[in-house]
Amino acid sequence: MRDLFFTMIVPFTICAVAVYGVARRVDVYDALVQGAGKGLETLVRIVPPLVGLLTAVYMLRASGALDLAARCLAPLMERVGLPPELLPLMLVRPISGSAALGVGAELIANYGPDSTLGRTAAVMLGATETTFYTIAVYFGAVGVTRTRYAVPAALCADLTGFLAAAWAVRLCFGVE
């Protein structure tokens with residue numbers, strides 16, 4: 001019975017919205033078509049920044065620039081208490097969620113899900129955002145071209161999330 005309820009929740013919601021619209025004397029089909037048109041307009045505004053962003057991410061990964069940056073930043077990260085193995089994740093996460101999931105899965109496969117590194121990687125993935133993707137999507141949707149302080153503030157929030165993730169794992173699970 002519970003499975004049937006969860007299977008039917010979307011169709012029931014769609015029907016309820018349609019019935020509510022008809023009761024309010026709204027042309028439901030016309031509203032649907034107008035909404036779909038606005039959605040396509042938003043898609044047309046969003047796609048170019050996303051294509052550029054994804055191209056840049058793949059170029060950085062293929063060129064080895066991310067690996068070089070990780071090696072250069074390793075001593076600094078050890079000073080603040082972060083294992084250098086997490087640097088690729090920290091560098092990729094603000095740029096690409098799928099790349100970050102790949103790096104996180106690789107870390108968990110190499111070090112184990114119950115290791116400090118595996119746990120920290122998992123918490124980092126949940127505690128941070130794909131900053132540049134999010135900014136490209138939301139700012140692109142409304143036509144904002146100058147982000148001003150949004151990018152530096154979001155990157156500071158990501159750094160805080162990375163540090164807080166490592167701190168929370170050490171606090172909750174101790175250090176191996």
Side-chain angles (χ1 to χ4, degrees), residues 10 38-176:
V10 171
K38 288 180 182 178
L40 286 175
E41 291 171 12
T42 302
L43 180 67
V44 168
R45 283 195 315 268
I46 290 174
V47 167
L50 286 180
V51 169
L53 177 66
L54 292 174
T55 302
V57 167
Y58 289 120
M59 287 173 59
L60 281 171
R61 288 186 73 194
S63 71
L66 288 177
D67 293 331
L68 177 65
R71 278 182 279 168
C72 291
L73 292 174
L76 174 67
M77 299 323 283
E78 286 176 341
R79 280 193 176 180
V80 295
L82 291 170
E85 294 86 359
L86 294 172
L87 284 170
L89 175 64
M90 294 173 65
L91 293 173
V92 170
R93 179 64 176 159
I95 300 169
S96 170
S98 59
L101 284 174
V103 171
E106 186 178 312
L107 286 168
I108 291 170
N110 289 339
Y111 297 99
D114 291 329
S115 67
T116 300
L117 279 170
R119 288 175 174 155
T120 305
V123 175
M124 282 181 174
L125 285 169
T128 57
E129 182 59 76
T130 52
T131 301
F132 293 106
Y133 173 82
T134 304
I135 287 174
V137 169
Y138 290 119
F139 283 25
V142 294
V144 174
T145 56
R146 295 184 57 178
T147 59
R148 194 171 171 131
Y149 300 116
V151 173
L155 290 175
C156 285
D158 281 337
L159 178 61
T160 303
F162 292 135
L163 293 171
W167 174 79
V169 169
R170 276 195 309 269
L171 180 71
C172 292
F173 298 103
V175 178
E176 292 176 358

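A quick note: this is a predicted structure, and the numbers were derived from the prediction, not measured.
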**OP:** Please say which of V103, I108, N110 ends up in a side-chain contact (heavy atoms from CB on, under 4.5 Å) with E106.
**Re:**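 For E106, the side-chain contact (heavy atoms from CB on, under 4.5 Å) check succeeds only for N110.
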Those residues that, when tested against [X], pass side chain to side chain contact (heavy atoms under 4.5 Å, CB included) (two or more places apart):
| X | value |
| --- | --- |
| A65 | L60, S63 |
| A105 | none |
| A99 | R61, V92, S96 |
| E85 | P83, L107, Y111, L117 |

Side-chain heavy-atom pair [X], [Y] within 4.5 angstrom cut-off:
| X | Y | answer |
| --- | --- | --- |
| P84 | E78 | yes |
| P94 | T128 | no |
| L82 | L87 | no |
| F173 | T116 | no |

Hey, can you pull the donor-acceptor pairs under 3.5 Å for the side chains in residues 131-150, sequence neighbours left out?
| residue | atom | partner | partner atom | Å |
| --- | --- | --- | --- | --- |
| T131 | OG1 | D158 | OD2 | 2.2 |
| T134 | OG1 | E129 | OE2 | 3.2 |
| T134 | OG1 | T130 | O | 2.9 |

Original post:
Looking at residues at least two apart in the chain, or sitting in another chain, which of them share a side-chain hydrogen bond (donor to acceptor under 3.5 Å, both in side chains) with T120?
Top reply: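 Per chain and number, T120 pairs via side-chain hydrogen bond (donor to acceptor under 3.5 Å, both in side chains) with no residue.
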To the nearest 0.5 Å, what is the distance between [atom1] ([X]) and [atom2] ([Y])?
| X | Y | atom1 | atom2 | result |
| --- | --- | --- | --- | --- |
| L91 | M77 | CG | CE | 8.5 Å |
| L125 | F162 | CG | CZ | 8.5 Å |
| R119 | D114 | CZ | CG | 5.0 Å |

Original post:
Counting only N and O atoms by type, is there a donor-acceptor contact under 3.5 Å from the side chain of R93 to the main-chain atoms of P88?
Top reply: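 Flag not set: sc R93 to bb P88 has no pair under 3.5 Å.
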